[in-house]
Amino acid sequence: MTCHPIKPSTLSAFLFLYAALYLAYGMQSAYLPAFLQSHGLAIEQIGLVLAAGTVVRIGVGPLTGRLADYLQARKQLLAVAACLSALIGFAYNLAFGFAALLAVSMLHAGATASLAPLSDALAVSAARRDAFQYGWVRGVGSVAFIGGTLASGQLIGRFGLSFIIVASSAFFLLMAICAVTMRVPSQDTHSAEAFDRAAISALLAIAAYRRLLIIAFLVIGSHALNDTFAVIQWRNAGYNNLVISLMWSEAVVAEVIVFFLVGPWLIDRLGAAGAATLSASAAVLRWSVMASASEMPALIGAQALHGLTFALLHLAAMGIMARSVPDRLAATAQTTYGTGALGIASATMTLASGYLYGMFGAQAFWVMAACCAIALPLTRRLTLP
């Protein structure tokens, strides 16, 4: 195997790309519901608009990835999608009322659906060629998301809710510029006619990829209960807002540490399949603690496991796809995984979480622990070529 020296220009290009992408996400994600309310939507309508966006992303993401592979134009489609995300995003400030905001939201969801998966497809391929860690660029994305979220709160206080839409769209536009100007590995050449037949069937015929989709659905999907109801659970346990914010921030810090440092080290020693096993095992432990304890030391420990339960599995998934999926199907695989499987998992698990938490309270986390335990046998059977 030939080792290539790290190319700083390639690495820096991806660092800027991911920083722009996740700054754009971070600037608007927390306050978008409030913005929609300020433009005339009732609470129920906000839910419908956001749900419609989720459905669009689940459908459009894999189709865009498929088109990128078919045209052998991942970078070009990424640039177009980022530019459209910016232009449609600006339209939010011109839309008022349910019909207009629903239309803009669905168009924006379609434009943004493939941004992260296409970026991942390009970054994983470039990392293998130029000998840098994918976790470095994804870790920068997590840091940028935190920065964007924190900055958005300050900007709203000074300039109003509409400014976060402008700022987010500006970062999407910056991302488009980054995509256009960056150099990426060329895709494998192939016959488009032969390649176009049953691409999804070809992907699902790959045992490692098929099992990865199920594992991610169960393990990453299990985070939906925590994302939706952990803050409510902690408030009911008597913790104040400062403590809750610190515990939530701890999980993000753990994620960044795994992306930058711990994750690549673990994957080097355990392999991608072993890292997936560790991630599922950590998730069983994490949700078991959440179901059975409310003391501060236990919750701190559970939040620290986020780096293993989410970031490590994401890194393992990138490695598994890089080694098991042909390059000609890389964008299709990433978007099917990122917006298809994970989008469906998020929607399904979030819906189920509402019923489970309503019936069982904190004991609902036992169900999430069981989901991750079901995934464990599959992680042990992940075989790579």
Side-chain angles (χ1 to χ4, degrees), residues 20-65 67-68 77-119 144-145 148-177 179 224 227-228 335 338-340 342-344 346-348 350-351 354:
L21 171 60
Y22 284 94
L23 276 168
Y25 284 155
M27 288 299 301
Q28 70 166 261
S29 60
Y31 292 97
L32 182 58
F35 171 84
L36 294 174
Q37 187 176 41
S38 73
H39 275 229
L41 294 193
I43 297 298
E44 297 81 2
Q45 292 175 321
I46 293 172
L48 287 173
V49 166
L50 296 178
T54 299
V55 172
V56 169
R57 277 188 291 273
I58 290 170
V60 172
L63 290 176
T64 306
L67 183 62
L77 274 182
L78 177 62
V80 169
C83 188
L84 287 174
S85 298
L87 296 177
I88 297 169
F90 285 124
Y92 265 121
N93 282 323
L94 305 176
F96 290 85
F98 179 71
L101 286 168
L102 177 64
V104 173
S105 177
M106 292 177 71
L107 289 171
H108 197 248
T112 59
S114 62
L115 294 182
L118 284 180
S119 298
F145 185 87
T149 302
L150 293 174
S152 62
Q154 301 301 314
L155 291 170
I156 286 171
R158 180 168 296 186
F159 301 109
L161 280 166
S162 63
F163 190 80
I164 63 167
I165 301 298
V166 174
S168 177
S169 298
F171 282 120
F172 280 130
L173 190 59
L174 177 61
M175 182 192 179
I177 296 170
D227 295 344
T228 309
T335 50
T339 59
L342 295 188
I344 293 170
S346 176
T348 303
T350 300
L351 179 63

- Message: If the condition is side-chain contact (heavy atoms from CB on, under 4.5 Å), which residues does Ser152 pass it with, not counting sequence neighbours?
- Response: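 Only Met27, Tyr31, Ile164 meet the side-chain contact (heavy atoms from CB on, under 4.5 Å) criterion with Ser152.
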Which pair of heavy atoms, one from [X] and one from [Y], lies closest together, and at what distance?
X      : Y      : answer
Ser162 : Phe35  : CA-CE1, 4.0 Å
Gly40  : Gln45  : O-OE1, 4.0 Å
Leu173 : Ala86  : N-CB, 3.7 Å
Leu41  : Val49  : CD1-CG2, 3.7 Å
Ala176 : Cys83  : CB-N, 3.7 Å
Pro117 : Gly338 : CG-CA, 4.4 Å

With rounding to the nearest 0.5 Å, note down the distance linking [atom1] in [X] to [atom2] in [Y].
X      : Y      : atom1 : atom2 : value
Thr339 : Ile344 : OG1   : CD1   : 9.0 Å
Ser114 : Leu67  : OG    : CG    : 9.5 Å
Tyr25  : Leu32  : OH    : CG    : 13.0 Å
Phe90  : Ser168 : CZ    : OG    : 9.0 Å
His39  : Tyr92  : NE2   : OH    : 11.0 Å

Output, in order, the C-alpha distance, side-chain angles, deciding distance and verdict of side chain to side chain contact (heavy atoms under 4.5 Å, CB included) for Leu115 and Leu78.
CA-CA 6 Å; Leu115 294 182; Leu78 177 62; 3.9 Å; yes
Thr54 and Leu50: CA distance, side-chain angles, deciding distance, side chain to side chain contact (heavy atoms under 4.5 Å, CB included) verdict: CA-CA 6 Å; Thr54 299; Leu50 296 178; 5.7 Å; no
message: Has Ser346 got a side-chain atom pairing as donor or acceptor with Leu342's backbone, closer than 3.5 angstrom?
response: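 Checking the backbone N and O of Leu342 against the side chain of Ser346, no donor-acceptor pair under 3.5 Å is found.
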Listing, residues 95-113 side-chain donor-acceptor contacts under 3.5 Å, not counting sequence neighbours, or none:
from: His108; atom 1: NE2; to: Ser85; atom 2: O; distance (Å): 3.1
from: Thr112; atom 1: OG1; to: His108; atom 2: O; distance (Å): 3.0
from: Thr112; atom 1: OG1; to: Ala109; atom 2: O; distance (Å): 3.4

| task | Would you please test Leu21 and Phe171 for side chain to side chain contact (heavy atoms under 4.5 Å, CB included) and show each step? | result | CA-CA 7 Å; Leu21 171 60; Phe171 282 120; over 6 Å; no
